[in-house]
K.L.:
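Below is the structure I would like to discuss, written out as structure tokens.
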Amino acid sequence: MYDVVIPAQNEEKSILAVLATVLKLPIKRVILVLNGCTDRTLDLTRTILDQRIHTIYFAEPLGIDVPRAIGALYARSLHTQGVLFVDGDTSGDIYDGLAKLLAALTDGTDIALTNCYPYITHRAKLANLVLRFRGSLNKELGYFQLLGNATPTHGPHALSAKALEVLMPEAIAIPPLTLVLAKRFDLKVKVATSIRHQDLKSPRKHRRHARLIAETIIGDCVMGLTLARNEEVSRSLGKHKMLGYHPERRFDILQLWTESLITTHSYCENHLIIPRDVPWLGG
């Protein structure tokens, strides 16, 4: 069976709605990766007495996308058949879309994506710029006719056990690199569902956050383009280095987590909150 990974940082307003949705799916585990929470997110999740919920708790923020990679590695250590990723702030009624992503894994897809911008012809300038870079990477990889502008950067998506086995943790933590390696390892990729961005019901963020997210995604895509072209990996566009939130990604903790899972080091156990009578099978 499949697992769901939910990264969350200060999502007390949405986390119960997200859990209510994913717990209706035919899944084995829900892996919550709580990082840097200073609100009631952890307390609220512990009010749900469901044996399938495993929580990985870090007091410090891990940065964008790194929690997703940490959850994926934990699921892999438990020999999952595949993982569905759902952000902790997506409180919309998206059950049908999530079910389609899991169905795609069952049908043999290795990377199942969501199109979050269906039927939209007029977008804000910043969104258009980001989509242009996403599309450029997909064109470089020969995926554009298949995927359009869809990438693991945005929206719920799913990875098969095969994908989890061959993808480097850093490629999951820098989502566009997942597609670069998918091409390299001949993984089966498809858009499995469409969920409009507004239907995810993610809260609106301030303008500075939108700019930094855009810069992060563009920088990630530039990295993907250089890697796909076998060039020196870079985030630079001309004289400007597209960093955004990239410097806040805690690759040091991701590396420590990776090594600890291999050696069954106590570091992992110290961050796990698992149901009683459920042994940890990592290692």
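Model, not experiment: these values are computed from the prediction.
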K.L.:
Look at the side chain of Y143 and the backbone N and O of T151, then say whether any donor-acceptor pair between them is shorter than 3.5 Å.
P.N.:
no

K.L.:
For a side-chain hydrogen bond (donor to acceptor under 3.5 Å, both in side chains) check, start with the C-alpha distance between D39 and T41, then their side-chain angles and the critical distance, and finish with the verdict.
P.N.:
CA-CA 6 Å; D39 65 355; T41 301; 2.7 Å; yes

K.L.:
Between the main-chain N or O of D43 and the side-chain N or O of T47, is there a donor-acceptor pair closer than 3.5 Å?
P.N.:
no

K.L.:
Check whether any side-chain N or O of S266 sits under 3.5 Å from a backbone N or O of E269 as a donor-acceptor pair, and report yes or no.
P.N.:
no

K.L.:
Are V5 and I53 grouped together when hydrophobic residues (ILVMFWY) are joined by side-chain heavy atoms under 4.5 angstrom apart?
P.N.:
no

K.L.:
Applying side-chain hydrogen bond (donor to acceptor under 3.5 Å, both in side chains) as the test, list every pair that has at least one member in residues 60-72; sequence neighbours left out.
P.N.:
D65-R68, D65-R249

K.L.:
Would a distance-only check, ignoring hydrogens and angles, find a side-chain to backbone donor-acceptor pair under 3.5 Å from E215 to M242?
P.N.:
no

K.L.:
For the backbone of T38 and the side chain of N10, can you confirm whether one donor and one acceptor N or O come within less than 3.5 Å of each other?
P.N.:
yes

K.L.:
Going by the salt bridge (Lys or Arg N to Asp or Glu O under 4.0 Å) test, which pairs reach into residues 165-188, not counting sequence neighbours?
P.N.:
none

K.L.:
What residues form a salt bridge (Lys or Arg N to Asp or Glu O under 4.0 Å) with E12, not counting sequence neighbours?
P.N.:
R40

K.L.:
Okay, side chain of T109, backbone of A104: is any donor-acceptor separation there less than 3.5 Å?
P.N.:
yes

K.L.:
Is N138 reaching over with its side chain to a backbone N or O of A150, donor-acceptor style, under 3.5 angstrom?
P.N.:
yes

K.L.:
With a 4.5 Å heavy-atom cut-off, do L73 and P169 have their side chains touching?
P.N.:
yes

K.L.:
Provide the full list of salt bridge (Lys or Arg N to Asp or Glu O under 4.0 Å) pairs with a residue in residues 225-235, sequence neighbours left out, each pair given once.
P.N.:
E140-R229, D220-R235

K.L.:
H271 vs W257 aromatic rings, parallel, tilted or perpendicular, using cut-offs 30° and 60°?
P.N.:
perpendicular

K.L.:
With sequence neighbours excluded, tell me which residues meet salt bridge (Lys or Arg N to Asp or Glu O under 4.0 Å) with D50.
P.N.:
R52

K.L.:
Sorted by first residue and then second, give each ring-ring contact (aromatic ring centres under 6.0 Å, His included) pair with at least one member in residues 152-178; sequence neighbours left out.
P.N.:
F85-H157, Y117-H154, H154-H197

K.L.:
Has T193 got a side-chain atom pairing as donor or acceptor with T114's backbone, closer than 3.5 angstrom?
P.N.:
no

K.L.:
Report yes or no: do L105 and L147 belong to one cluster of Ile/Leu/Val/Met/Phe/Trp/Tyr joined by side chain heavy-atom distances under 4.5 Å?
P.N.:
no

K.L.:
Any donor and acceptor pair, going by atom type alone, linking the side chain of S260 with main-chain N or O of C268 inside 3.5 Å?
P.N.:
no

